[in-house]
Amino acid sequence: RQRYFYGKEGFQSEKMEFGKLLAKAIETGEPSGNDEVDFAATFLKQYPIREPKDEGYPGITAKLVDPKTGTEIVVLCRPDGIDPDKNILGDHKSGTSVWTQSRVDKSDQLTYDAMVWKLRTGKIPNLRLHAYHNEKKSIQNFETTRRLFQILLMGGEAIKAWRGIVKMAV
């Protein structure tokens with residue numbers, strides 16, 4: 001709330017700072033000055049479009065319509081990379097959490113990204129997650145997808161969240 005409503009920066013752990021440095025190194029292609037960040041940035045999958053921007057927003061936008069009110073809701077996702085020719089959305093993760101295929105298959109963030117992409121393009125994307133494990137100094141690559149019913153359920157959750165925001169703001 002402090003960040004989104006008041007523009008204040010929140011707590012930043014060492015791992016969060018690493019993730020920010022990594023994202024910047026991947027986006028710019030420039031060395032960060034941190035050997036570990038530069039190693040991870042060199043070997044993590046790169047995409048033709050990095051950190052996409054859409055209509056002035058940092059990410060991809062689409063519109064959902066609340067069936068009860070007819071209100072158009074702008075939804076935004078921020079994949080780390082896109083390969084539009086192959087219909088791929090890619091995400092990079094770093095930290096000490098272990099990623100597994102099961103965890104990737106259940107990731108709400110990836111489902112949300114797939115929902116926004118489907119709304120925007122009419123296509124269900126191929127999803128990729130590339131994880132750098134800070135302690136093991138290793139990279140794992142995962143592929144997954146979503147089915148239409150998962151995307152529709154996420155759309156319902158997004159509309160429900162929007163209604164809660166409107167209710168809180170009134």
Side-chain angles (χ1 to χ4, degrees), residues 1-30 32 37 40-65 72-97 99 103-134 139-146 150-162 164-165:
R1 185 173 73 188
Q2 292 294 316
R3 179 177 180 193
Y4 296 108
F5 288 117
Y6 305 114
K8 295 180 182 178
E9 283 298 319
F11 170 75
Q12 290 290 313
S13 71
E14 193 174 309
K15 292 174 191 169
M16 293 166 79
E17 191 60 36
F18 180 91
K20 279 185 171 182
L21 285 173
L22 180 58
K24 186 176 181 184
I26 290 170
E27 181 181 355
T28 64
E30 299 291 324
S32 70
V37 168
T42 299
F43 292 102
L44 281 169
K45 171 74 176 157
Q46 304 296 316
Y47 290 92
I49 299 173
R50 299 180 197 166
E51 298 288 332
K53 294 183 177 36
D54 184 21
E55 298 178 18
Y57 293 100
I60 301 166
T61 61
K63 292 181 181 171
L64 267 175
V65 176
E72 281 192 351
I73 303 162
V74 175
V75 288
L76 168 76
C77 73
R78 296 180 69 178
D80 293 318
I82 301 172
D83 187 334
D85 294 336
K86 295 180 181 174
N87 194 37
I88 295 173
L89 299 182
D91 196 45
H92 298 118
K93 298 290 185 195
S94 65
T96 55
S97 295
W99 283 89
R103 184 176 177 198
V104 172
D105 291 341
K106 295 174 185 171
S107 167
D108 284 340
Q109 178 190 342
L110 294 177
T111 306
Y112 181 85
D113 289 355
M115 176 201 68
V116 175
W117 187 256
K118 171 77 168 108
L119 287 166
R120 182 64 187 232
T121 68
K123 301 176 189 173
I124 295 176
N126 299 303
L127 302 165
R128 305 289 185 267
L129 186 136
H130 312 283
Y132 177 74
H133 195 282
N134 294 59
I139 295 171
Q140 291 179 284
N141 298 297
F142 299 95
E143 297 180 10
T144 190
T145 190
R146 295 297 184 266
Q150 293 169 295
I151 291 170
L152 293 172
L153 287 173
M154 183 57 72
E157 290 297 314
I159 290 168
K160 192 162 90 175
W162 174 253
I165 291 167

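Remember, predicted model here, so these are calculated numbers, not experimental data.
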What do the steps show when you test Trp117 against Asn87 for side-chain contact (heavy atoms from CB on, under 4.5 Å), and what is the final call?
-> CA-CA 9 Å; Trp117 187 256; Asn87 194 37; 2.6 Å; yes
Would you call Leu129 and Leu110 a side-chain contact if the rule is heavy atoms closer than 4.5 Å?
-> yes
Does Ala41 offer a backbone N or O that forms a donor-acceptor pair with the side chain of Gln46 under 3.5 Å?
-> yes
Is there a donor-acceptor contact under 3.5 Å from the side chain of Arg78 to the main chain of Pro58?
-> yes
Looking only at heavy atoms, which two atoms of Leu89 and Ala114 are closest? And how far apart?
-> CD1-N, 4.4 Å
With a 4.5 Å limit on heavy-atom distance, are the side chains of Leu119 and Ile151 in contact?
-> no
Can Lys93 and Gln140 be counted as having a side-chain donor-acceptor contact under 3.5 angstrom?
-> no
Close side-chain approach of Val75 and Thr61, heavy atoms under 4.5 Å = no
Gap separating the NZ atom of Lys106 from the OG1 atom of Thr111, nearest 0.5 angstrom | 12.0 Å
Begin from the C-alpha positions of Ile60 and Leu76 and carry the test side-chain contact (heavy atoms from CB on, under 4.5 Å) through to its verdict.
-> CA-CA 5 Å; Ile60 301 166; Leu76 168 76; 5.8 Å; no
Are Lys15 and Thr96 close enough that a side-chain donor and a side-chain acceptor fall under 3.5 Å?
-> yes
Ignoring hydrogens and angles, tell me if any N or O in the side chain of Arg146 forms a donor-acceptor pair with the backbone of Asp105 under 3.5 Å.
-> yes
CE of Met115 to CD of Glu157: how many Å apart, nearest 0.5 Å?
-> 10.5 Å
Should Glu72 and Leu64 count as side-chain neighbours, where that means a heavy-atom distance under 4.5 Å?
-> no
Rounding to 0.5 Å, atoms NZ (Lys45) and CG (Asn141) come to a distance of 9.0 Å
Can you check whether Ile88 reaches Ile82 side chain to side chain, under 4.5 Å on heavy atoms?
-> no
Rounding to 0.5 Å, atoms NZ (Lys118) and CG (Asp113) come to a distance of 15.5 Å
How many angstroms lie between CZ in Phe142 and OG1 in Thr144, if you round to the nearest 0.5 Å?
-> 10.5 Å
Hey, does the Lys NZ or Arg CZ of Arg103 hover above the aromatic six-ring of Trp99, less than 6.0 Å from the centre and inside 45° of the axis?
-> yes
Which heavy-atom pair separates Pro125 from Thr145 by the least distance, and what is that distance?
-> O-OG1, 3.4 Å
Check whether any side-chain heavy atom of Leu127 sits under 4.5 Å from a side-chain heavy atom of Glu143, and report yes or no.
-> no
Side-chain heavy atoms of Cys77 within contact of Tyr112, under 4.5 Å = yes
Any side-chain heavy atom of Ser94 sitting closer than 4.5 Å to one from Met16?
-> no
Output, in order, the C-alpha distance, side-chain angles, deciding distance and verdict of side-chain contact (heavy atoms from CB on, under 4.5 Å) for Leu44 and Ile139.
-> CA-CA 7 Å; Leu44 281 169; Ile139 295 171; 3.8 Å; yes
Proximity of Phe43 and His130 rings by center, below 6.0 Å = no
To the nearest 0.5 Å, tell me how far Ser107 OG sits from Asp91 CG.
-> 7.5 Å
